[in-house]
Amino acid sequence: MRTYLHTLVAALLVACKPAVRTPSPPASPSPAATPDVAPVAPPPADPSLPRSHVALFDALADKIEAHHVFAEGPKARWPANRARLREEFARVATRTDALAALFHVQAALGDRHCYLSPPTDLRRQWLSLGVELHLELVADRPVVRVDEIRARDLAALLAEGDEVVAVDGTPVAAWLAAHPFESNSLNPDVNRAETARAITTAMLPWSTVQAGDRRTLRVLHGGRERDVTLEFVHPEQWEESDGLDFDDAPPMAAVTCRHDRRPLYEDFALATVGVNLCIYRPTRGKPDTRLVRYMSFHYAGHDASDALRAAKADHDLLVRELAGARAVILDVHENRGGQNPFVFLSWFARRPWDHQQIHIRVSPAFSVDDAREFLFGDTALVARYRDAAAQGKSEESWPFLCAKDGAPVLTGTCEAQGPRTAELVTDAPVAIVTGPDCTSSCDSLVSDWSTFGMGPLVGRQPAHGFTTDRKSTRLNSSHSSISY
């Protein structure tokens with residue numbers, strides 16, 4: 001059985017400065033009043049650019065339908081979502097409205113790898129009410145509760161576990177239903193949780209919420225309803241830090257694993273810290289069990305060889321620390337992905353696996369430079385894409401990150417790969433713990449682990465983010481981008 005890797009495509013988009021509510025520039029001086037100064041003519045309008053936000057949305061939606069490979073869920077919902085999003089663009093009155101609407105378009109595609117880049121005169125920043133929320137379904141009813149109080153001065157007004165029953169006077173279920181595009185996750189649990197999180201947080205410039213805005217939460221506190229009005233502020237004052245920095249020259253013994261607001265493991269103690277992972281040993285129970293907390297598959301460096309050396313350091317650390325272990329728990333629940341998932345899979349998998357399949361829409365609308373950008377400069381794939389476009393093909397497919405005899409495989413499928421016994425870091429049986437933050441290459445690893453029955457798999461569903469390539473099309477002159 002093959003797991004298919006659907007490919008989304010990208011489009012550069014405008015900062016969307018509308019004429020409505022935009023202050024008009026002062027009138028140019030009259031030549032009669034200032035004969036020595038020639039009037040300055042406005043720049044000519046670019047006829048290729050949409051004249052309204054609705055026209056801009058229509059152009060973008062047409063491109064999405066022409067080039068985007070929809071996952072099944074978002075594909076079924078897209079016609080209704082397109083109509084709803086078009087209505088939102090028709091209501092756009094400010095640049096802030098437009099940027100928020102663009103975020104909703106991107107979220108409607110339902111993919112973790114789609115993203116927005118802000119206009120060059122804006123920057124991404126978070127706002128918060130100082131409260132974090134958690135959503136759970138109780139008898140199919142969404143129940144939103146206070147999960148954590150970040151602002152200490154709110155402790156007298158709220159308590160962890162308080163249920164939020166209304167937002168600005170709107171019942172919480174109705175508020176959630178009225179905000180369907182606050183998450184881009186295909187995982188319905190993650191989607192609901194992130195929608196609830198939008199009640200108390202906002203990411204600029206992709207929200208109409210601004211610093212200083214107030215929001216009233218009606219909560220059940222101590223068995224009684226009360227209204228609590230909070231203000232959106234920058235959350236830097238609540239951000240926690242382990243206090244360690246290179247400039248402070250701390251002793252290496254003081255360097256621990258990633259800072260956690262809450263302990264993750266009751267019966268394990270930290271034994272070793274690696275580059276992207278930490279290894280724990282049991283404090284009780286079976287002493288020959290090891291827990292590997294793999295926080296990321298992304299290894300940074302000035303070039304690829306730097307990243308490979310960092311990954312090798314973690315690989316060799318695992319070989320040493322897992323020697324003699326009779327059971328290994330691999331915790332990837334917070335791993336948001338990174339490099340080639342099959343490299344990491346080969347360290348733990350004792351059965352063969354398949355590589356997912358990439359599917360990409362083909363169009364003659366994209367130039368060689370476009371293809372070079374979204375195919376990461378791969379000369380062979382660029383040539384293949386252009387040949388397919390010239391032949392009138394509508395789709396191309398190849399295995400995801402498959403290599404044989406040191407060369408990439410760009411045709412057919414890539415099945416029954418491994419195991420790579422020389423790469424294994426342990427002879428012990430391995431169980432995986434996953435969760436909603438497991439994304440991208442982590443999601444790919446977990447998918448193969450499950451599909452091919454490689455060992456126990458527990459936790460919650462991953463984020464379902466598999467996209468690799470995105471195409472870029474400039475729609476306006478400002479440097480803002482949206483990927484689709």
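Since this is a predicted model, take the numbers as computed values, not measurements.
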Flag for S185-E194: side-chain donor and acceptor within less than 3.5 Å: no
Which residues share a ring pair (Phe, Tyr, Trp, His ring centres under 6.0 Å) with H315, sequence neighbours left out: W347
Side chains of W206 and Q106 in contact at under 4.5 Å (non-hydrogen atoms): no
SB check E321 R281 (cutoff 4.0 Å): yes
Pairwise distance CD(E182) to CG(N191) - rounded to 0.5 angstrom: 9.5 Å
Side chain to side chain, V146 and L133, heavy atoms closer than 4.5 Å: yes
Heavy-atom side-chain contact between T434 and W449 under 4.5 Å: no
For S183 against V190, the heavy-atom pair lying closest together: OG-O, 4.2 Å
CZ (R420) with more than 12 external heavy atoms under 6.0 Å: yes
Donor-acceptor pair between Q417 and H355 side chains, under 3.5 angstrom: no
Within-4.5 Å side-chain heavy-atom neighbours: H234 and L127: yes
Separation between OG1 of T426 and CZ of R350, rounded to the nearest 0.5 Å: 8.0 Å
4.5 Å side-chain heavy-atom contact, V425 and V319: yes
Any side-chain heavy-atom pair of V164 and T200 under 4.5 Å: no
Shortest non-hydrogen contact from P419 toward P352: CD-N, 4.0 Å
Validation row: S441, Q339 side chains within 4.5 angstrom (heavy atoms): no
Flag side-chain contact, heavy atom, 4.5 Å: T451 against D354: no
Over all atoms of both residues, closest heavy-atom pair of P205 and L122: CB-CD1, 3.8 Å
Where L129 and L154 come nearest, the two heavy atoms and their spacing: O-CD1, 3.6 Å
Pair E423-S346, side-chain donor/acceptor within less than 3.5 Å: no
Minimum-distance pair of heavy atoms, taken over all atoms of V172 and P142: CG1-O, 4.5 Å
Distance-only polar pair, side chains of T216 and T229, donor-acceptor under 3.5 Å: yes
Approximate separation, where rounding is to 0.5 Å, of D443 CG and D437 CG: 11.0 Å
CZ (R226) with more than 12 external heavy atoms under 6.0 Å: yes
Closest contact, heavy atoms only, P462 versus N187: O-ND2, 2.7 Å
F342 and W353 aromatic ring geometry - parallel, tilted or perpendicular at 30°/60° bounds: parallel
Aromatic ring proximity Y280/F268, centre distance under 6.0 Å: no
Inter- and intrachain pairs under side-chain hydrogen bond (donor to acceptor under 3.5 Å, both in side chains), touching residues 299-312, at least two apart: Y294-Y299, Y299-D314, D303-S305, D306-R309, K312-D316
